[in-house]
Amino acid sequence: MKLSDVKKLHQKKYRTQFGYYLVEGEHLILELLKSTPKNTVTVYVTSEYEAWLDSARADYAPLRSDDVIQVQTVTSVQMQQISDTKSPQGIIARVPLPSVLNSELNSVTRSLSEEAPRQNANADEQMQKSVSSANSKRCIYLYEVQDPGNLGTILRTLAWFGQFKLLLSPNSVDPFNSKVVRSSMGAIFHADMELNVPLESLTSRFSQFAYLDMHGQEVKSESFAHFECYLFGNEARGVPTEDVKRLNATAFTIPGSGKIDSLNLASAVNICAYELSC
């Protein structure tokens with residue numbers, strides 16, 4: 001890939017077009033190597049970082065072949081051109097997007113409508129397998145989250161506890177946005193998530209929903225752990241009231257001093273994830 005095209009990967013439309021996203025800086029590159037990537041990763045380095053990368057590969061990816069982790073040396077000027085930071089460290093990786101980005105259920109649903117009636121039995125079985133797999137973990141559903149820092153922090157929290165699947169609605173911030181990747185501190189490489197999951201599709205996957213509301217039960221209550229899907233809304237608007245009613249979701253609250261009327265979205269998810277992991 002030409003360096004001029006690599007620079008374009010800072011824009012979502014080109015990430016989608018080319019099928020790659022960018023990871024920049026020492027810490028994220030180390031986390032990438034630890035995650036044992038299965039597809040070819042191209043690492044762009046300045047000459048000052050060649051020795052550092054060789055050492056990191058020896059420590060974290062000693063058995064990976066050169067066709068999985070490829071290295072391309074660039075000048076400092078070229079590094080500045082492909083970086084989106086004012087003072088790039090001198091190392092950037094081009095990473096393939098995960099092969100399945102959109103909701104598995106959506107693809108199964110589409111196949112149901114497109115296949116001939118005689119094939120519906122097999123499609124039904126495929127749907128059940130997809131739903132069963134998705135429901136093996138507690139699901140955190142984010143409705144139109146917009147702030148990259150919030151999403152990155154949430155990814156980091158869910159990766160820490162390791163027992164959650166993240167579902168993102170359409171019109172959410174792209175998790176492969178460079179700001180999200182940086183704030184995730186490497187959790188993006190370990191995330192179990194689906195993108196573009198419509199809110200209206202949840203009833204075909206789950207039967208029990210919980211959400212946060214100032215007048216709900218406390219999240220410390222025992223019943224909080226008895227749900228399959230936990231709904232969290234847009235930073236400004238929350239989850240639409242009509243959808244909460246349609247899903248017959250149960251309200252819970254995070255008790256506080258009462259001096260302010262809301263918590264940051266990432267903080268709310270973090271507290272709930274902790275309560276569910278206790």
Side-chain angles (χ1 to χ4, degrees), residues 1-99 101 145-157 159 168 171-191 193 195 235 266:
M1 178 180 278
K2 296 185 296 184
L3 291 182
S4 58
D5 287 332
V6 173
K7 182 177 179 59
K8 293 178 181 178
L9 296 177
H10 293 295
Q11 300 178 56
K12 181 179 180 179
K13 66 178 181 179
Y14 291 112
R15 289 194 292 272
T16 302
Q17 177 181 332
F18 293 121
Y20 294 95
Y21 68 105
L22 297 178
V23 172
E24 181 171 358
E26 289 184 11
H27 177 78
L28 287 174
I29 297 298
L30 286 176
E31 291 299 321
L32 173 63
L33 294 175
K34 291 177 188 178
S35 71
T36 61
K38 297 178 177 60
N39 298 313
T40 301
V41 170
T42 301
V43 183
Y44 303 93
V45 295
T46 58
S47 57
E48 294 82 1
Y49 259 88
E50 288 178 326
W52 180 91
L53 180 59
D54 288 341
S55 176
R57 292 180 66 185
D59 289 340
Y60 296 107
L63 302 179
R64 306 317 304 274
S65 61
D66 289 338
D67 62 347
V68 174
I69 301 175
Q70 299 180 348
V71 181
Q72 182 174 332
T73 302
V74 298
T75 67
S76 296
V77 173
Q78 290 172 321
M79 180 61 65
Q80 185 73 56
Q81 290 172 341
I82 63 176
S83 172
D84 72 340
T85 61
K86 292 183 178 180
S87 301
Q89 290 186 8
I91 185 165
I92 296 176
R94 173 166 56 88
V95 184
L97 289 171
S99 57
L101 287 181
V145 57
Q146 297 298 302
D147 185 84
N150 275 340
L151 181 54
T153 300
I154 290 168
L155 285 169
R156 192 175 179 185
T157 296
L168 283 174
N171 302 316
S172 293
V173 63
D174 181 10
F176 302 101
N177 173 311
S178 60
K179 293 180 180 179
V180 177
V181 173
R182 279 197 295 270
S183 61
S184 80
M185 296 297 286
I188 190 73
F189 309 127
H190 309 284
M193 63 179 170
L195 309 188
E235 290 92 341

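- The heavy-atom pair separating Ala266 from Asn150 by the smallest distance is CB-OD1, 3.5 Å.
- In terms of heavy atoms, Arg57 sits closest to Ile69 at NH2-O, 3.5 Å.
- Identified under the ring pair (Phe, Tyr, Trp, His ring centres under 6.0 Å) test for residues 19-59, with sequence neighbours left out: Tyr21-Phe176, Tyr49-Trp52.
- Side-chain contact between Leu3 and Val74: present, with at least one pair of heavy atoms (C-beta onward) separated by less than 4.5 Å.
- Looking at Met185 and Leu155, their side chains never come closer than 4.5 Å, going by heavy atoms from C-beta outward.
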### Task
Decide side chain to side chain contact (heavy atoms under 4.5 Å, CB included) for Val43 and Gln72; before the verdict, give the C-alpha distance in whole Å, the side-chain angles of both, and the deciding distance to 0.1 Å.
CA-CA 6 Å; Val43 183; Gln72 182 174 332; over 6 Å; no
### Task
Test side chain to side chain contact (heavy atoms under 4.5 Å, CB included) on Val41 and Val68 and set out the steps.
CA-CA 6 Å; Val41 170; Val68 174; 5.8 Å; no
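- Considering only heavy atoms from C-beta on, Pro175 comes within 4.5 Å of Leu151 through its side chain.
- Put simply, the side chain of Val180 does not reach to within 4.5 Å of the side chain of Asp174, judged on heavy atoms.
- Evaluation of the side-chain contact (heavy atoms from CB on, under 4.5 Å) rule for Asp5 yields Met1, Lys2, Lys8, Phe18 as partners, not counting sequence neighbours.
- Although no hydrogens or angles enter the test, the distance criterion places a donor-acceptor pair under 3.5 Å between the side chain of Thr16 and the main chain of Lys12.
- Here the side chain of Gln146 pairs a donor or acceptor atom with the backbone of Asn171 at under 3.5 angstrom.
- The shortest distance between side-chain heavy atoms of Val23 and Ile92 does not fall below 4.5 Å.
- No side-chain heavy atom of Thr46 sits less than 4.5 Å from a side-chain heavy atom of Thr75.
- Taking CD from Gln89 and CD from Glu48, the interatomic distance works out to 13.0 Å, rounded to the nearest 0.5 Å.
- When side chains are defined from C-beta on, Ile188 counts as touching Met193, because their heavy atoms get closer than 4.5 Å.
- Formation of a donor-acceptor pair under 3.5 Å by the Arg15 side chain with backbone atoms of Leu9 is found in this model.
- Residues Ser83 and Glu24 approach most closely at OG-OE2, 2.6 Å, considering heavy atoms.
- Within the 3.5 Å criterion, the main-chain N or O of Ile82 finds a donor-acceptor partner in the side chain of His10.
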### Query
Which is it for Arg94 and Leu22 under the side chain to side chain contact (heavy atoms under 4.5 Å, CB included) test, yes or no, and what are the steps along the way?
CA-CA 5 Å; Arg94 173 166 56 88; Leu22 297 178; 4.1 Å; yes
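- In this structure, Pro88 and Met79 approach most closely via the heavy-atom pair CB-CG, 4.0 Å.
- At least one side-chain heavy atom of Ile29 sits under 4.5 Å from a side-chain heavy atom of Ile91.
- In this structure Arg182 satisfies the side-chain contact (heavy atoms from CB on, under 4.5 Å) test together with Leu28, Asp84, Thr85, Ser178, Lys179, sequence neighbours excluded.
- The main-chain N or O of Thr73 is never found under 3.5 Å from a side-chain atom of Glu50 such that the two would form a donor-acceptor pair.
- In this structure, the separation between CG on Asp147 and OG on Ser172 is 12.0 Å, given to the nearest 0.5 Å.
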